[in-house]
Amino acid sequence: MIHLDELNSPQREAVVTTDGPLLVLAGAGSGKTRVITYRIAHLIDRGVRPDDILAVSFTNKAADEMRQRVDKLAGRLARRCTLSTFHALGLQILKAEKAALGLPSGFTIYDASDQLGTVKEILRRLYQSDDDRRFDAKSVLFRISRAKNAFVGPEEFAEQFTDEDHEYDVTAAEVYPQYQEALKSFHALDFDDLICETVRLLDRDEAVRERWANRFRYVMVDEYQDTNRAQSLLLNHLVRASNNVCVVGDDDQSIYGWRGAEAGHILEFDKHFPGAKIVKLEENYRSTPHILDAANAVIAHNTKRHDKRLWTARPARDKLQLVACEDAEGEAEFVAGEIEALCATRGFRPGDFAVLYRSNVQSRPIEEALRAASLSYKMIGGQAFFERKEVKDAIAYLKLALHPRDEISLRRVINYPARGIGPTTIERIAQAATQHGLPLFDGCQKAHEIAADALADRNRNALASFCDLVENGRALIASAQGGTHPGGLKEAARAYLMASGLQDDLQAAAPTPLAAQKKLTNLEGFLTSLERFEQREGRDLGAFLHRISLDTKDDDEGHDQSDQVTLVTLHGAKGLEFPVVFLVGMEEELLPHKRTLYPDGPDVLDANPDLGEERRLLYVGITRARELLYLTRARQRSSRASARPRSPSRFLEEIPPHLYDARDAAMPSSVATPEDEEAFARAALAKLLKMTS
DNA sequence: AACTTGTCAATTTTT
DNA sequence: TTGACAAGTT
């Protein structure tokens, strides 16, 4: 039994309003996750079957956290609720309905690099003889992905962009249908498809539609401001019958508009779900009053938002610190020095600090300064475990054994480790396969029949032994899944990968023995995670591969010492909190970012740029801080080779001056007046002029 | 097949 | 200044 008196009054209202549409506007630090978990527990208390409850979030991390807290509150019963990400939910539906989907033998999930490979392949084919048309595959893929997020299919997309519009839009319109066709023939779905194809399936198949409309009676969505059109359509299908939909989010923290999130969903929720109740959570349990006042002041400059104002019962503490530094290095040294000082004088630990920046390049000088100061740090958003090359190669081998039609995986490993199947051979066999209407792998198997004269004996033999390798791997895995292989899937996979020569190559090709050891350890870690999956969820390699495509857990959770300074982008910081936060690079062209100010190239200033999302980024950054907040900037910054003067971010002017101390990194711990600042700037300018003349 | 040289661009990123 | 990537060289 949960205790509703542990909640404040709007929180309680959000928890007990169980039926009908409900929008919970949860300001930063207002106990959002608490409301969701209490709400679930309360539903169960009231006798709702856990099977009827669904809570969707965007990240695995959020879903895991929800799971833990619900388990703690509601105990064993809660195990049966579905707490999932949008993508995992889509996958669950597609798998459950695979008969209706028309992919009975299963499918591979393509990640960003697989997608990119597919687009590159298509671009090559389209413009192979045309030297002037070298399109950046990333930009093309970005447009396709954006279309999918908006639930715009290839035909509809093509209608929007005829001839002379935007070059990349025209190209994307040309590539998009071919891309979809390629994925289909590879038996592959990309991340976006996990949502889009689910919606398409629900749209076209009435029986499936009815099944899922009635599957859940109570649906909750976390971080609702981040939903894109496709996700919103999926949600509609799921709540059609019950109309019990509770969405939780904060329009002021909508920072993913650029990848298709539509803040309109949260702004117009009551139009979309008539009769919706709206509850605002404005009491903040995280930050001091000065920090909240600054956040409120900044965000008030945005129009088109739900009116909200964060407040706290906490007493006032330190003012914000606005610090001007000489250059990026000076800024980094200031941050490192301040961390050391605060640890020494005020009892903070390195783990209490976070350095937040707009773009990843800014982390470099910070890292160097922290290293120089012997402060250990962790970067959030580094390379994920399953994205390391050696692990990706292993995955490609396994995917190929399961899905020989997966051409991207095939191309990835067909000549890695090198086995004498070079680009020419691949192109010839690909051509022959196309002529005979065969998938590439089948073409390789039948090389001696369909391309006998096009290829040398040597090449044909290499192809044959590669195909044998994969076929043997397939047999090994099949026997492991049937339970007849000693050591199970893990050992079957190991034997297959060993036969592929992957391990030997890692050993041989590494620049140092240490590097080789590290890679082999990563590979072993991969096999261990397969073993764990096998024990917990059963011997199903396909299910394992799906799982790891959706998981982005990195491997350093083990040696995750908590006493490290956190380095993270403003985007990556959403949902986190720290006693002390440094927001670095508070300058024009960094925040707001150059690309927002000049969307059409460096020379074309947008007369009226939409700075709302940049401002929300700052808002997110400010509201991460519990006790102390530093806003730092550099007077000059070297871009490429030369130092360029920088102006303070226009957003700084939106913070009322009584909330901060302005100071100068060159005059430590003194409070600089605006006059001091100006004098210093003049001196710096004079120095600069003397240097250049 | 491995190595070198040249060119071009350089936000944010989960799943 | 870095880095990714493609084309050219050995």
Side-chain angles (χ1 to χ4, degrees), chain A residues 56-63 84-91 109-117 120 123-124 131 134-139 141-142 145-146 148-149 189-196 198 223 226-228 230-231 254-261 328 356-365 380-384 386-387 415-425 508-509 546-554 568-575 585 589-599 601-602 613-614 616-618 620-621 637-643:
Chain A
V56 201
S57 60
F58 281 82
T59 64
N60 292 308
K61 205 176 144 214
S84 158
T85 65
F86 267 108
H87 289 85
L89 181 67
L91 176 62
I109 296 172
Y110 271 12
D111 69 8
S113 75
D114 300 326
Q115 291 177 277
L116 205 60
K120 279 184 181 163
L123 283 173
R124 204 170 314 157
D131 266 5
R134 323 199 128 274
F135 285 97
D136 172 28
K138 270 200 193 122
S139 305
L141 176 60
F142 182 72
S145 177
R146 212 170 37 186
K148 287 192 183 189
N149 287 160
L189 296 179
D190 64 23
F191 286 130
D192 303 324
D193 288 336
L194 293 178
I195 314 290
C196 287
T198 308
E223 303 281 13
D226 289 340
T227 43
N228 61 39
Q231 287 158 338
S254 153
I255 53 175
Y256 287 108
W258 53 275
R259 69 180 194 211
L356 273 46
Y357 37 81
R358 173 68 230 265
S359 74
N360 283 118
V361 282
Q362 293 172 256
S363 72
R364 234 319 162 40
I380 299 186
Q383 210 186 20
F386 289 116
E387 272 168 29
N415 199 35
Y416 178 76
R419 48 171 72 87
I421 309 175
T424 331
T425 309
H546 282 160
R547 168 71 57 82
I548 62 175
S549 316
L550 296 184
D551 273 13
T552 44
K553 70 158 182 236
D554 24 4
V568 65
T569 62
L570 288 167
H571 285 91
K574 193 168 66 145
E589 306 201 341
L590 271 177
L591 187 71
H593 196 273
K594 208 197 266 181
R595 282 299 180 93
T596 314
L597 267 13
Y598 307 89
E613 189 150 311
E614 297 292 301
R616 289 192 290 271
L617 273 169
L618 174 56
V620 167
R637 210 172 270 271
S638 34
S639 65
R640 285 171 290 171
S642 62

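First the proteins, then the strands, lettered A, B, ... as listed; each starts at 1. Everything numeric in this text was worked out from a predicted model, so none of it was measured. Reckoned from all heavy atoms, side chains included, excluding hydrogens, waters and symmetry mates.
Judged as a side chain to side chain donor-acceptor pair (under 3.5 Å), and not counting sequence neighbours, Ser359(A) has no contacts. Remark: Tyr110(A) pairs with no residue by the ring pair (Phe, Tyr, Trp, His ring centres under 6.0 Å) rule, at least two apart or across chains. In terms of the side chain to side chain donor-acceptor pair (under 3.5 Å) criterion, His593(A) has no residue partners (sequence neighbours excluded). In terms of the side chain to side chain donor-acceptor pair (under 3.5 Å) criterion, residue partners of Asp226(A) (sequence neighbours excluded) are, by chain and number, Lys574(A).
Taking atom CG on Leu189(A) and atom C1' on dT15(B), their separation rounds to 13 Å, with Å as the unit. Atom pair Leu550(A):CG and dT15(B):P shows a separation of 9 Å (rounding to whole Å applied). Atom CD in Gln115(A) sits roughly 14 Å away from atom P in dT15(B) (whole-Å rounding). Following rounding to the nearest Å, Asp193(A) (CG) and dT14(B) (C1') show an atom-to-atom distance of 16 Å.
For Gln115(A) against Asp190(A), the heavy-atom pair with the smallest separation is NE2-OD2, 3.2 Å. When all heavy atoms of Leu590(A) and Arg358(A) are compared, the pair lying nearest together is O-CG, 3.0 Å. Taking every heavy atom of both residues into account, Asn360(A) and Thr569(A) meet most closely at ND2-CG2, 3.4 Å.
In this structure, the side chains of Leu116(A) and Leu141(A) come closer than 4.5 Å at one or more pairs of heavy atoms.
Taking the six-membered ring where the residue is Trp, Trp258(A) and His571(A) present perpendicular rings, their angle passing 60° and hence far from 30°.
dA4(C) and dT13(B) have their P atoms separated by 16 Å, with the value rounded to a whole Å. dC5(C) and dT12(B) are spaced 23 Å apart, taking the C1' atom of each and rounding to whole Å. Remark: the separation of the C1' atoms in dG3(C) and dT14(B) is 24 Å, to the nearest Å.
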Within the sub-3.5 Å range, which N or O atoms of nucleotides 3-13 of chain B have a protein N or O partner, and how far apart are they?
from    : atom 1 : to        : atom 2 : distance (Å)
dA10(B) : OP2    : Arg595(A) : NH2    : 2.9
dT11(B) : O4'    : His593(A) : NE2    : 3.2
dT11(B) : O2     : Arg358(A) : NH1    : 3.0
dT11(B) : O2     : Arg358(A) : NH2    : 2.2
dT12(B) : OP1    : Asn360(A) : N      : 2.7
dT12(B) : OP1    : Asn360(A) : OD1    : 3.3
dT12(B) : O4'    : Arg358(A) : NH2    : 3.3
dT12(B) : O2     : Trp258(A) : NE1    : 3.4
dT12(B) : O2     : Arg358(A) : NH2    : 2.4
dT12(B) : O2     : His571(A) : NE2    : 3.4
dT13(B) : OP1    : Thr569(A) : OG1    : 2.7
dT13(B) : OP2    : Asn360(A) : OD1    : 3.1
dT13(B) : O4'    : Arg259(A) : NH1    : 3.3

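Put simply, Asn60(A) has no side-chain N or O that comes within less than 4.0 Å of OP1 or OP2 on dT14(B).
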What does the B/S/- profile of nucleotides 3-10 of chain C look like, 5' to 3', with a 4.0 Å heavy-atom cutoff to protein? S-S-S---
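Of the residues near DNA chain B, Phe191(A) and Asn415(A), the one whose nearest nucleotide (by heavy atom distance) lies more toward the 5' end is Asn415(A).
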